[in-house]
J.: 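Before I ask anything, here is the structure I am working with.
We use all heavy atoms of the structure for the numbers below, so side chains are in, but hydrogens, waters and symmetry mates are not.
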Amino acid sequence: MTTEQHIQQLRDFLDKQNYNYYVLNAPLISDQEFDMKMHELQQLETQHPELFDPNSPTQRVGSDINLEFEQVRHERPMLSLGNTYSRADIADFYNRISKALNGEPFDIMCELKFDGTSISLVYENGKLIRAATRGNGTIGDDVTRNVRTIKSIPLTLHGNYPAQVEMRGEIIMPRAGFEALNKQRIDIGETPFANPRNAAAGSLKLQNSSIAAQRPLDCVLYYTLTDEREYALHSESLEDAKQWGFKISPHCQLCHSIDEIYNFVDLWDKKRESLPYDIDGIVFKVNNLQQQQTLGFTAKSPRWAISYKFKAEQAHSRLIEVTYQVGRTGTINPVANMEPMQLAGTIVKRATLHNADIIEALDLHEGDTVVVEKGGEIIPKIVGVDTDKRPANAQRILFPQTCPICGTKLVRYEGEAAHYCPNQDGCPPQIVGKLIHFVSKKAMNIDSIGEETAELLYKRGIVKNIADFYKLTFNDIYHLDGFKETAANNIIKGIIESKNIPYERVLFALGIHFVGEVVAKKIAQAFPSISLLQAATKEQLLLTDEVGEKIADSVIDYFAKPQNKEIIAQLSAAGLQMQKAEKQLESETLSGKQFVISGTFAQHSRDELKAIIENNGGKMQSGVSAKTNYLVAGENMGPAKLEKAQKLGITIISETELISMLNK
C-alpha cells in the first residue's frame, strides 16, 4: 500500500467513525482508538504536505454551534486540551514543561476530567449575564436561558468578587438523574440517550427552557478568568471562586513530582466508579499562572495543560444469541445476549447493538467472542470481535426482514438508522407501549395505572386501545388478580381526573409517531382543536414551528386511519379536552402587534418576555419579517436580525421600553 493510499484509508475510516458517532449516535470504536488513528493521520499529512486535502478529518474544527441559538464570541478562545493515554505520555508532558521552564521548579494541579459539555459563564457586577458553549473555540451558542435553570450555578455572586469575571467548567448529568431520564424516555417511546455526556449536551441545547429545567443537570467549574485580580496561582483563584458561590471539585490535588501525579491517576482510575457522575480521565495544569504565560499556547491548545484519558474497561465474552425488542413506536432494537462477565463492577449479560448498520460493521457471527466496553456508556456495548476465536462454520448474524413479534415486513425511513415495524395497530408490544405512554405522567398522568397494570388489562382483553380506559368499570378492575377495593377506586378516580388534562397533553398522549411533548405543544398552538388538526393539510402543517416533512406525514397518516378517527370520537365523547382552553389576557395593550426577541436581558428571561407579550395580546414571531412591529433587543443579539430589522425600518426597543409600553 502506498502512503497516499494509507492516508486515504485513514481519512475514510475516520469519516465513517464520525458518522457513527454524530449521526447514528452509535460509536463503534473507543475514543482512544479514534484519537490514535487521528494522530497517525496528522503525522502522515505533516510528513507529506503534497497530499494535503482541505476535506481531511484533520481539518475539521470541532464545533457544537446550533444556528437556532444566538452566537456569541468568546473574549478569550476556549481551546481544547491534548489527550494522552499512557504514563510515558504523562512523563513527556512533565519533561517538556521542565525543559521549557529551564529547570525552574513547578507544581502540577491534578483535577478530575468531567465527562460533560464545556461551558463559559460571564458575570458583571455579580450577576450572570451570559452562558455560552465552547462552539468552535472562538464563537459559541448563547445558552443563558437554559443555564439559568441549573441549581448549582449561581445567578448572583456573594463575597468579595471582581466586577467582571468569567468562569469555565463542565455541565454534567449525574448517573442517577441520567438513568431516571432514560427510563422516562423509554416509557414514552423516545430513544434513550447513549450516555450522560450526550444527555447533558442535548439538554443544554433544548429550545424550551422549561423542559431544560426538568433535566437533572449539574455544573462544576475549574478555571477563573479576570483582569481585576492578580493571582499568582491557579489554585488560589479556585479557592476564591468557591467563596463567591461556585461549585469547585473537592477532588483536586497539588502534585510536586511525577510520582505524585502517577499516584493520583492510579487512585482515581480505581475510585471513579464510586463517584455519582462520570469522569473519563485527569487534567494536569501548571499551577503557577506566570509560568502558564511563559509556556503559552499552540494554535489549538495550551502548552501548560493536558488531559490523561482512562482506558475504557473492556471484557470478553461469548455471544449466545441476538434478540430483537419492539419499542412503542415500532423501532426494532437488537440486543446481544452473552455469557455473564464482570465489567466495571457489575455482572453484564446483555449489550446494545443499536441497529442493523452496527451489526453489519462488526461482522457479527453466531458464537463469536465479543469485546464489550462500558467506559462512559451506562449501557454496555460491543466494540469488537475476536475473529481468531470464531467457531468453524459460524453463521453470520443477519438483521431480520420482518417483525419478530407480528411478522410484518420491516421498513426503514430515509435518514433513519433504525428499522420499524409499521403494524402500529396490530403489533402487541406497540399496542401495550401506546397504552403505557397514554397513562404516563407527561401525558394523561393516570398515576394509578402503571406499566404492569396496563399490560395486564391488555392481556385480559379488557383494554384494547387507549379509548377503552374510559370504559373501565369498578368491577373490571376489582376482579383482576391482586386488586382490592382501594386500588380499583383509585384507578377509576385517576381516569376521571385525567379528563381535565389540557388539549396539548392529550395530543401528546395519542402517541402519534414523531410527535413528542414539545412538538405537540407547537401543533396545539397552530391548530387549537382536534377537528382543525384532523382537517389540516400537509402544507398547513409544514408552516407550524418544529414540524418538518417527517412529522407532517406522520400526522396526516394518523388521521387518515378510520380506527384512529373512531378512537378520537370515543375520547371526545368520554369528555377529554379536545380543544385549547381560552386564555385570559392580562390586557390587550399589545393586541395586533407582532414581536421578535433577540439577545439576553437583565430583568427577564426570553421565555418570560415572550409570556409577557402574549399575556398582553401581542404575537410572537421566530424571525424578523415585514410583518414585525417591534424587535426587542438585548445584549449580544443576533447581528443578522438587527441588520434585517434596520433594513425593514422596524422599531427596535429595549426590555425597559417594552415594560414601559405596558405600564402606559
Side-chain angles (χ1 to χ4, degrees), residues 182-192 211 325-333 403 405-406 408 411 413 416 418 420-447 449-451 453-455 457-458 463-472 494-495 498-499 501-524 527 530 533-534 536 541 544 546-548 550-572 574 576-578:
N182 261 358
K183 185 179 185 304
Q184 289 175 8
R185 292 176 70 85
I186 291 167
D187 287 347
I188 62 175
E190 293 183 0
T191 304
I211 298 176
Q325 300 171 340
V326 183
R328 174 183 71 84
T329 58
T331 54
I332 308 300
N333 304 309
C403 175
I405 305 298
C406 69
T408 303
V411 297
Y413 301 111
E416 292 270 329
Y420 292 85
C421 169
N423 185 19
Q424 298 177 21
D425 304 306
C427 186
Q430 294 190 65
I431 297 171
V432 172
K434 284 184 178 181
L435 297 178
I436 293 169
H437 169 71
F438 185 80
V439 301
S440 65
K441 187 172 182 178
K442 290 188 176 183
M444 300 307 292
N445 194 26
I446 308 177
D447 276 344
I449 302 180
E451 294 182 21
T453 303
E455 190 167 1
L457 289 167
Y458 173 75
V463 173
K464 298 175 183 176
N465 61 54
I466 57 177
D468 288 344
F469 282 121
Y470 296 91
K471 301 172 186 175
L472 283 173
I495 289 170
S498 74
K499 295 179 183 181
I501 292 294
Y503 165 60
E504 57 265 29
R505 282 175 58 186
V506 174
L507 196 55
F508 171 59
L510 294 178
I512 302 172
H513 204 188
F514 305 126
V515 177
E517 186 182 2
V518 174
V519 171
K521 287 181 180 178
K522 299 288 186 182
I523 291 176
F527 304 93
I530 201 74
L533 182 58
Q534 281 182 292
L541 285 164
T544 306
E546 303 277 352
V547 174
K550 189 166 61 175
I551 296 173
D553 286 338
S554 181
V555 172
I556 296 292
D557 290 346
Y558 179 87
F559 287 110
K561 294 179 179 177
Q563 62 267 38
N564 289 336
K565 291 180 180 178
E566 178 59 28
I567 286 172
I568 296 295
Q570 291 179 26
L571 292 174
S572 296
L576 272 68
Q577 304 296 312
M578 290 298 182

J.: Taking side chain to side chain donor-acceptor pair (under 3.5 Å) as the test, write out the residues that go with D553, two or more places apart.
T.: K538

J.: Which pair of non-hydrogen atoms, one from N423 and one from C406, has the smallest distance, and what is that distance?
T.: ND2-SG, 3.6 Å

J.: Please report the shortest heavy-atom distance between I568 and M578, naming the atom on each side.
T.: O-CE, 4.2 Å

J.: Would a 4.5 Å heavy-atom cut-off, applied to side chains only, mark T331 and V326 as touching?
T.: no

J.: Side chains of residues 424-435: which donor-acceptor pairs under 3.5 Å do they make with residues two or more places apart or in other chains?
T.:
residue : atom : partner : partner atom : Å
D425    : OD2  : Q563    : NE2          : 2.8
Q430    : OE1  : G330    : N            : 3.4
Q430    : NE2  : C421    : O            : 3.1

J.: Please name all residues satisfying salt bridge (charged side-chain N to carboxylate O under 4.0 Å, His left out) with K471, sequence neighbours left out, ordered by chain then number.
T.: D468

J.: Please name all residues satisfying side-chain contact (heavy atoms from CB on, under 4.5 Å) with A467, sequence neighbours left out, ordered by chain then number.
T.: N465, I567, Q570, L571

J.: Not counting sequence neighbours, which residues clear side chain to side chain donor-acceptor pair (under 3.5 Å) with Y558? List them please.
T.: none

J.: Between the side chain of S554 and the main-chain N/O of K550, is any donor-acceptor distance below 3.5 Å?
T.: no

J.: For K521, which residues count as a salt bridge (charged side-chain N to carboxylate O under 4.0 Å, His left out) partner, sequence neighbours excluded?
T.: none

J.: State which residues pass ring pair (Phe, Tyr, Trp, His ring centres under 6.0 Å) with Y420; sequence neighbours excluded, sorted by chain then number.
T.: Y413, H513

J.: Tell me, do T453 and V439 make a side-chain contact under 4.5 Å, heavy atoms counted?
T.: no

J.: Can you tell me how far apart CG (L510) and CZ (R505) are? Round to the nearest 0.5 Å.
T.: 13.0 Å

J.: Suppose we screen for side-chain contact (heavy atoms from CB on, under 4.5 Å). Which residues come up paired with V555, at least two apart in sequence or across chains?
T.: I512, V515, I523, L533, L541, I551, F559

J.: What pairs with K499 under side-chain contact (heavy atoms from CB on, under 4.5 Å), at least two apart in sequence or on another chain?
T.: Y470, L576

J.: Of all heavy-atom pairs between P422 and V411, which one has the smallest distance, and what is that distance?
T.: CG-CG1, 4.2 Å

J.: Mind checking what makes ring pair (Phe, Tyr, Trp, His ring centres under 6.0 Å) contact with F514, not counting sequence neighbours?
T.: none

J.: Any heavy-atom pair between the side chains of F508 and H437 that's under 4.5 Å?
T.: yes

J.: When you look at I495 and I449, which way does the side chain to side chain contact (heavy atoms under 4.5 Å, CB included) test go after all the steps?
T.: CA-CA 9 Å; I495 289 170; I449 302 180; 4.3 Å; yes

J.: Does the side chain of I501 come within less than 4.5 Å of Q577's, by heavy atoms?
T.: no

J.: Ignoring hydrogens, what is the shortest heavy-atom contact between F438 and F469? Give both atom names and the distance.
T.: CD2-CD1, 3.8 Å

